[in-house]
Amino acid sequence: MRENNNNMASPDRKAPGERRIRVPAKETIFLEGEPAANLFEVVEGVVKIYKMMADGRTIITGFAYKRSLLGLARSGNYYYSVDAVTDSTLVVHGKAEVEARLRADPGYLQYLLDETNDELVQAQDRILLLGRRAPVEKVALFLLRLRQWQSEDRKLHLPMTRHDIADYLGLTTETVSRTFTQLRDKGVLKSLNQHDVEILDLALLRHLGEGEDS
């Protein structure tokens with residue numbers, strides 16, 4: 001994390017032993033390959049996790065919400081990059097602090113294992129999404145996952161861009177936009193504004209996500 005860059009994160013000490021940083025939307029939290037000196041816990045906002053390809057492309061592998069832990073690394077370097085999707089607040093846990101806590105609190109290890117498992121689950125979800133053939137299946141499943149990540153409400157907030165959604169689903173931005181139009185025409189969704197939709201027919205959305213409708 002480049003805390004000496006005023007355009008990125010600004011330290012905000014809220015309590016003894018706890019250091020918070022504020023990261024503006026679209027700014028980088030850490031980059032793949034950098035020394036893994038810290039763990040980051042999302043307090044507010046949404047961030048995206050991505051990998052850099054040799055040809056310069058980026059592939060989004062996941063999105064992280066409140067309470068997600070980022071930066072777990074075995075090799076000593078971060079193995080993915082993370083950018084803020086929205087203005088975000090994160091708690092920074094230094095590596096030495098984490099190691100001391102592991103010695104003092106064996107239960108903390110279970111927490112770290114649970115977070116690692118969450119990353120694996122999200123990776124499996126993306127494999128499932130990419131395995132779907134029809135764009136409507138991919139978008140429907142993505143919206144259902146998003147609903148799980150949020151409040152299980154019928155109103156969904158999509159802070160990420162259509163381009164980010166397309167990258168995550170292995171589609172083009174144009175295909176994602178057409179698919180949202182298709183879902184609106186079917187009466188599945190209603191657009192509330194640029195970043196919010198309402199699910200009008202949850203059963204049909206689940207049906208489409210299962211690939212049972214063309």
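The first residue of the sequence shown is numbered 1, and numbering continues consecutively from there. The basis for the numbers below is simple: all heavy atoms, side chains too, and nothing from hydrogens, waters or symmetry mates.
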- [ ] Begin with the C-alpha distance, continue with both residues' side-chain angles, and end with the deciding distance and a verdict on side chain to side chain contact (heavy atoms under 4.5 Å, CB included) for Arg67 and Val42.
- [x] CA-CA 5 Å; Arg67 298 180 64 87; Val42 181; over 6 Å; no
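- Looking at Leu72 and Tyr78, their side chains never come closer than 4.5 Å, going by heavy atoms from C-beta outward.
- Salt bridge status for Lys190 with Glu198: present, with a side-chain N to carboxylate O gap under 4.0 Å.
- A salt bridge between Lys48 and Asp164 is present, with a side-chain N of the basic residue lying under 4.0 Å from a carboxylate O of the acidic one.
- Between Leu158 and Leu156 the shortest side-chain heavy-atom distance falls below 4.5 Å.
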Task: Leu90/Val43 under side chain to side chain contact (heavy atoms under 4.5 Å, CB included): CA gap, chis, key distance, verdict - done: CA-CA 5 Å; Leu90 301 95; Val43 176; 5.7 Å; no
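- By the criterion of side-chain heavy atoms lying less than 4.5 angstrom apart, applied directly or through intervening Ile, Leu, Val, Met, Phe, Trp or Tyr residues, Ile59 is not grouped with Met52; the two fall into different hydrophobic clusters.
- Leu200 has its side chain out of reach of Val188: every pair of non-hydrogen atoms, C-beta onward, lies at least 4.5 Å apart.
- Counting heavy atoms of neighbouring residues, nucleotides and ligands inside a 6.0 Å radius, atom CD of Gln148 exceeds 12 of them.
- By the 4.0 Å N-to-carboxylate-O rule, Lys155 lies too far from Asp153 to be salt-bridged with it.
- In this structure, the side chains of Leu143 and Lys138 stay at 4.5 Å or more apart for every pair of heavy atoms.
- Linking Ile, Leu, Val, Met, Phe, Trp and Tyr whenever their side-chain heavy atoms come within less than 4.5 Å puts Leu202 and Val139 in one cluster.
- In this structure a side-chain-to-backbone donor-acceptor pair under 3.5 Å is missing from Glu27 to Pro24.
- A donor-acceptor contact shorter than 3.5 Å links the side chain of Glu97 to the backbone of Gly94.
- Residues Phe40 and Val23 fail the side-chain proximity criterion, which asks for heavy atoms closer than 4.5 Å.
- Panel note: side chain Lys51, backbone Tyr79; a donor-acceptor pair is recorded below 3.5 Å.
- Side chain of Ser88 to backbone of Thr86: a donor-acceptor contact under 3.5 angstrom is found.
- With rounding to the nearest 0.5 Å, the separation of CZ in Arg178 from CD in Glu174 is 7.0 Å.
- Residues Glu32 and Tyr50 are not in side-chain contact: their nearest non-hydrogen atoms beyond the backbone lie 4.5 Å or more apart.
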- [ ] Determine, step by step, whether Leu39 and Val91 satisfy the side chain to side chain contact (heavy atoms under 4.5 Å, CB included) criterion, reporting the C-alpha distance in whole Å, the side-chain angles of both residues, the deciding distance to 0.1 Å, and the verdict.
- [x] CA-CA 8 Å; Leu39 293 180; Val91 175; over 6 Å; no
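- In this structure, the separation between CD1 on Ile49 and OG1 on Thr61 is 5.5 Å, given to the nearest 0.5 Å.
- Closest heavy-atom contact between Val85 and Pro159: CG1-O, 3.5 Å.
- Electrostatic pairing of Lys66 and Glu44 does not count as a salt bridge here, judged by no charged N lying under 4.0 Å from a carboxylate O.
- Here the side chain of Asp87 pairs a donor or acceptor atom with the backbone of Ala25 at under 3.5 angstrom.
- The side-chain hydrogen bond (donor to acceptor under 3.5 Å, both in side chains) check on Thr161 picks up nothing, with sequence neighbours excluded.
- Considering only heavy atoms from C-beta on, Gln150 comes within 4.5 Å of Tyr65 through its side chain.
- From Arg145, atom CZ reaches atom CZ of Arg147 across 12.0 Å, with rounding to the nearest 0.5 Å.
- Using a 4.5 Å cut-off on side-chain heavy atoms (C-beta onward), Val197 and Leu192 make no contact.
- Distance check: Leu141 CG to Leu205 CG gives 8.5 Å after rounding to the nearest 0.5 Å.
- Side-chain N/O atoms of Arg184 and Thr181 include a donor and acceptor closer than 3.5 Å.
- Interatomic distance, Ser68 OG to Phe63 CZ, rounded to the nearest 0.5 Å: 12.5 Å.
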TODO: Decide side chain to side chain contact (heavy atoms under 4.5 Å, CB included) for Thr89 and Ile21; before the verdict, give the C-alpha distance in whole Å, the side-chain angles of both, and the deciding distance to 0.1 Å.
DONE: CA-CA 6 Å; Thr89 301; Ile21 56 173; over 6 Å; no
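- Side-chain atoms of Thr175 do not come within 3.5 Å of backbone N or O of Leu171 as any donor-acceptor pair.
- Closest heavy-atom contact between Ile60 and Tyr168: O-CD1, 3.5 Å.
- With Ser177 contributing its side chain and Thr173 its backbone, the two residues share a donor-acceptor pair below 3.5 Å.
- Annotation: the span from Asn38 atom CG to His93 atom NE2 amounts to 9.5 Å, rounded to 0.5 Å.
- Residues Lys95 and Ala36 share a closest heavy-atom pair of CD-O, 4.0 Å.
- Under the 30°/60° scheme for interplanar angles, the aromatic rings of Phe30 and Tyr80 are found to be tilted.
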